[in-house]
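Written below as structure tokens is the structure these notes are about.
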Amino acid sequence: MAGVDMALLEDLSRRGLINQATGDGELTQHLSESRTLYCGFDPTADSLHIGSLVPLLTLKRFQMAGHKPVALVGGATGLIGDPSFKAQERSLNTPEVIAGWVDKLKNQVSRFIDFGCEENAAIVVNNLDWTCDLNVLDFLRNVGKHFSVNNMVNKESVKQRIQREGEGISFTEFSYLLLQAMDFSELYQRYNCTLQIGGSDQWGNITGGVDLARRQYRGKVFGLTLPLVTKADGSKFGKTESGTIWLDAKRTSPYAFYQFWLNTVDADVYKFLRYFTFLVVDEIDAIEDADRQRDGRPEAQGILAREVTRLVHGEEGLAAAERISRALFSGDITDLSAADLEQLRLDGLPSSTLPKDFSGQSLINLLVDAGMAPSGKPVKDALGRSAVLINGEVKGMDSNATPAAVFSADKALSDNYFIVRLGKKKYHLFTLAD
RNA sequence: GCAGGGGUUCCCGAGUGGCCAAAGGGAUCAGACUGUAAAUCUGACGCGAAAGCUUCGGUGGUUCGAAUCCACCCCCCUGCACCA
């Protein structure tokens with residue numbers, strides 16, 4: 001069989017990827033042979049976001065070390081909703097919607113792990129397969145009997161919901177733990193899966209599964225949780241002004257994705273390199289040292305952005321993201337040729353076509369309509385502070401009423417294009433109507 | 001069902017008849033400084049370019065005037081629901 005990398009846990013630990021593990025250190029011993037492990041992803045949208053990247057990449061790390069990864073998509077658990085550390089009860093989605101999301105997630109997850117290799121090829125499973133036909137009485141007798149409500153109520157993950165004034169938890173969400181525990185037990189039965197990994201918020205659910213596998217099948221299985229990704233300034237990781245950073249290129253373009261990582265603050269960037277890339281830890285430490293000795297801008301952000309964008313969007317996505325970034329941030333946009341501009345559009349720079357007739361339009365509402373701002377206020381503010389540039393030229397409030405003059409054909413790049421910059425980082429490409 | 005508490009602008013949270021588009025904090029956006037950072041400072045932050053318009057669970061009412069008072073309804077939370 002393929003060699004198993006015994007240093008895996010050591011490496012994970014150096015990366016700061018180990019939050020908590022069950023089994024008092026027995027896990028190291030357990031992983032001296034090739035094992036099967038799983039991680040679950042619930043369909044809460046039609047795409048995963050970068051919050052799921054840490055467990056996803058960790059599955060891959062395990063596979064690279066010789067273990068067999070199982071990616072579980074929660075077709076069943078997604079119907080219920082995980083209450084862990086959620087402040088409020090969530091509304092339910094319809095089974096049809098969830099089923100659609102499950103398919104999308106399966107595809108997405110599949111891109112990160114290897115299904116072709118002989119020894120430890122990955123598999124994707126759906127927990128709906130073993131829960132949809134389960135009847136309530138069987139469930140209550142065979143699964144429910146193994147759980148103590150006293151114990152469940154004391155789980156940290158639901159405590160705030162139960163104790164906090166003004167909140168509560170439905171029986172539906174309360175039961176979530178049992179479903180996830182059942183998954184682990186089931187995968188143990190089916191595939192001899194003996195390890196579950198997940199975010200630190202999953203600790204309660206994972207230990208539930210460890211207990212259930214033991215009680216039902218006398219199975220000795222393990223759990224390992226990964227840290228929640230936090231930012232140095234305390235704000236939520238993975239959100240920006242334009243919303244969540246998704247893994248799906250249709251939701252977050254490779255360019256926007258690349259820019260997200262490029263904008264990582266210094267205080268977080270080395271940690272993120274350890275979390276989100278496969279660069280070896282020594283190499284990351286070397287980057288950090290080199291950056292420290294240099295004045296000015298560190299290299300780490302660029303490396304991080306390149307590595308992660310390549311992992312998620314491939315070489316092509318990365319190339320596109322870099323092309324746009326170079327054109328917009330380190331060149332003179334008026335030098336761009338028509339072909340260059342067309343390429344930027346293909347690469348995913350947000351773009352739209354200007355209306356034929358400008359009457360009744362103001363510059364502000366043209367930009368708002370193009371999606372550059374949610375309302376006119378920020379644009380007005382920007383206009384008043386010389387923060388709107390069209391083809392490199394500053395526009396002020398006085399241009400607002402005369403969009404026809406601003407977007408006249410003789411001012412267009414290559415007779416057809418306008419690059420509008422709002423603030424420092426927001427760009428949009430306009431083309432004239434045919 | 002009964003009793004009590006509560007529903008305010010993205011979030012938290014003040015406001016209990018006019019001075020309220022509604023304190024404060026957070027988040028977010030823009031500017032300065034920078035490195036397409038951070039920290040800091042400044043400005044914005046319901047909609048509208050503006051005049052102005054529309055908000056405080058819903059509907060109706062009282063009033064010159066309501067987020068604030070009244071009525072009914074909806075939703076959430078807590079407790080009770082044999083003994084009570």
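Throughout, a chain's letter reflects where its sequence line sits, starting with A, and its residues are numbered from 1.
- A:Phe329 meets the ring pair (Phe, Tyr, Trp, His ring centres under 6.0 Å) test with A:Tyr427; sequence neighbours excluded.
- Within 6.0 Å of CZ on A:Arg294 lie more than 12 heavy atoms contributed by other residues, nucleotides or ligands.
- The partner of B:rA22, taking Watson-Crick or G-U wobble pairs whose two distances both stay under 3.5 Å, does not exist in any strand shown.
- Heavy atoms of A:Ile364 sit under 4.0 angstrom from primed sugar atoms or phosphate atoms, though from no base atom.
- A cation-pi geometry, defined here as NZ or CZ lying under 6.0 Å from the six-membered ring centre and within 45° of its normal, does not hold between A:Arg306 and A:Tyr258.
- Base contact: A:Pro298 has a heavy atom under 4.0 Å from a base atom.
- Note: CG (A:Leu422) to P (B:rC29) measures 11 Å, nearest angstrom.
- With sequence neighbours left out, A:Tyr255 forms a ring pair (Phe, Tyr, Trp, His ring centres under 6.0 Å) with no residue at all.
- Base pairing analysis places B:rC83 opposite nothing; no Watson-Crick or G-U wobble pair with both distances below 3.5 Å involves it.
- Protein atom CG of A:Asn365 is 11 Å distant from nucleotide atom C1' of B:rG48, rounded to whole Å.
- The base of B:rG35 sits with one of its N or O atoms less than 3.5 Å from a complementary donor or acceptor on the side chain of A:Asp266.
- Among the heavy atoms of the strands lying under 4.0 Å from A:Lys380 are primed sugar atoms or P, OP1, OP2 only; no base atom is included.
- Every residue meeting the ring pair (Phe, Tyr, Trp, His ring centres under 6.0 Å) condition with A:Phe276, not counting sequence neighbours, appears here in chain and number order: A:Phe237, A:Trp261, A:Phe272.
- Qualifying ring pair (Phe, Tyr, Trp, His ring centres under 6.0 Å) partners for A:Phe430, counting only residues two or more places apart in sequence or in other chains: A:Phe407, A:His428.
- Heavy-atom distances to RNA chain B give each of A:Ala382 and A:Thr264 a nearest nucleotide, and the one nearer the 5′ end belongs to A:Ala382.
- The shortest distance between side-chain heavy atoms of A:Phe62 and A:Leu224 falls below 4.5 Å.
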Dump the pairs, protein N or O against N or O of nucleotides 51-56 of chain B, anything under 3.5 Å, distances to one decimal.
none

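- Among the protein residues, A:Ala387 comes within range of the sugar-phosphate backbone only, with heavy atoms under 4.0 Å from sugar or phosphate atoms but none that close to a base.
- B:rG4: Watson-Crick or G-U partner is B:rC77, with both key distances under 3.5 Å.
- Shown here for A:Asn391 and A:Tyr417, the closest heavy-atom pair between the two residues is ND2-O, 3.4 Å.
- Comparing A:Ser362 and A:Gln301 along RNA chain B, the residue whose closest nucleotide (by nearest heavy atom) sits nearer the 5' end is A:Gln301.
- A side-chain contact (heavy atoms from CB on, under 4.5 Å) with A:Val73 is found for exactly one of A:Asn107, A:Asp42, A:Val124, namely A:Val124.
- Within 3.5 Å, a donor on the side chain of A:Lys424 pairs with an acceptor on the base of B:rU34, or the reverse.
- The CG atom of A:Asn263 sits 13 Å away from the C1' atom of B:rU34 (whole-angstrom rounding).
- The heavy-atom pair separating A:Val102 from A:Pro43 by the smallest distance is CG2-CG, 3.8 Å.
- The base-pairing partner of B:rC41, taking Watson-Crick or G-U wobble contacts with both distances under 3.5 Å, is B:rG31.
- Residues from residues 388-399 of chain A with heavy atoms under 4.0 angstrom of RNA chain B, sorted by number: A:Met397.
- When both pairing distances are held under 3.5 Å, B:rA71 makes a Watson-Crick or G-U pair with B:rU59.
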